[in-house]
Amino acid sequence: MVTNGVVLVWLFTMAAGAFMFGTASRFGAPPAAIRNSRLPIPALLSHPTLTGGAFAAWLGFIITEERAWAWVAVGMLAAGICLGALLFVRTMKPEHVVLAEETDEVVGDPVRVPYDVAEHEIPRPVIYGHGIFAAVTFTLVLLVALGVVS
């Protein structure tokens, strides 16, 4: 029974991740509207690949009931979560302030403007929800792999 619940939690987590990816990449926006990002591309691509592979292994466990598939899911999910934590830290970094070319006419001091990056478009509740549901997913998958719950 828990195995089916894991699928539902996992699907919600993946939906939130897809929303975040679409928001940060401004999917469907004209090329002129796309902005820079501080997120490392290898992590940005590997994170959903690993967790998607873990989901496929989990489905393999549900179909075959072979515990080895659950352990494959645990390993891939752990690696994906580590990359997700890296992306979280980079996304939640405070905005950098960069020196603008212009100067303040009155005082003569340099003008500081925030460095705007694409990941700042993602709503914070979605980021936190994605992380919380990922932690719940990992915990449930680990408990099933250990045989604590079924």
Side-chain angles (χ1 to χ4, degrees), residues 1-63 66-101 110-150:
M1 191 58 85
V2 171
T3 55
N4 294 332
V6 170
V7 170
L8 291 176
V9 173
W10 212 325
L11 287 173
F12 179 80
T13 306
M14 289 191 299
F19 174 80
M20 291 190 302
F21 187 82
T23 301
S25 64
R26 290 202 171 182
F27 186 74
I34 297 174
R35 296 187 311 207
N36 290 331
S37 173
R38 288 189 304 224
L39 301 177
I41 297 297
L44 198 57
L45 297 176
S46 299
H47 171 66
T49 302
L50 281 167
T51 55
F55 184 71
W58 185 253
L59 293 178
F61 167 71
I62 290 174
I63 293 167
E66 290 288 330
R67 198 162 304 279
W69 284 113
W71 282 108
V72 169
V74 167
M76 292 180 79
L77 196 54
I81 285 175
C82 288
L83 289 173
L86 169 73
L87 295 171
F88 175 79
V89 168
R90 296 291 295 262
T91 298
M92 302 308 278
K93 237 182 189 180
E95 289 188 34
H96 282 89
V97 176
V98 295
L99 205 55
E101 294 291 328
V111 175
R112 297 190 180 273
V113 295
Y115 180 66
D116 195 23
V117 291
E119 52 269 22
H120 289 158
E121 293 288 321
I122 304 169
R124 295 297 188 242
V126 176
I127 295 172
Y128 295 132
H130 178 72
I132 290 167
F133 277 95
V136 169
T137 301
F138 180 77
T139 302
L140 292 173
V141 169
L142 181 61
L143 290 174
V144 170
L146 290 170
V148 175
V149 295
S150 56

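Since the structure is predicted, the reported quantities are computational estimates derived from the model, not experimental observations.
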Which heavy atom of [X] sits nearest a heavy atom of [Y], and at what distance?
X    : Y    : result
V126 : M20  : CG1-CG, 3.6 Å
I122 : A24  : CD1-CB, 3.9 Å
A57  : A73  : CB-N, 3.9 Å
R67  : A145 : CD-O, 3.1 Å

May I ask you to check whether F55 and W58 place their ring centres under 6.0 Å from each other?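 No; F55 has its ring centre 6.0 Å or more from that of W58.
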Would a 4.5 Å heavy-atom cut-off, applied to side chains only, mark [X] and [Y] as touching?
X    : Y    : value
L140 : V149 : no
E119 : L44  : no
F133 : Y128 : no
I63  : W69  : no
P40  : L86  : yes

Of V6, T13, L11, which is the lone residue that meets side chain to side chain contact (heavy atoms under 4.5 Å, CB included) with V9?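 With V9 as partner, V6, T13, L11 yield a single side chain to side chain contact (heavy atoms under 4.5 Å, CB included), made by T13.
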For the side chain to side chain contact (heavy atoms under 4.5 Å, CB included) test, which of L50, V72, T51, L142 pairs with L77?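 Going through the options one by one, the only one that passes is T51.
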For the CD1 atom of I132 and the CD1 atom of I127, what is their distance to the nearest 0.5 Å?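 Those atoms lie 12.0 Å apart.
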Measure the SG-CG distance between C82 and L87 for me, rounded to the nearest 0.5 Å.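 Separation between the atoms: 11.5 Å.
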If you apply the rule side-chain contact (heavy atoms from CB on, under 4.5 Å), what do you find for W71 with L146, and how did you get there? CA-CA 9 Å; W71 282 108; L146 290 170; 3.5 Å; yes
Steps toward side-chain contact (heavy atoms from CB on, under 4.5 Å) verdict (M76, I81): CA-CA 9 Å; M76 292 180 79; I81 285 175; over 6 Å; no
Would you find a donor on one side and an acceptor on the other, under 3.5 Å apart, between the side chain of R90 and the backbone of A85?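 No; zero donor-acceptor contacts below 3.5 Å.
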Could you tell me how the ring of H130 sits relative to the ring of H47: parallel (under 30°), tilted (30 to 60°) or perpendicular (over 60°)?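 Geometry flag for H47 against H130: perpendicular rings.
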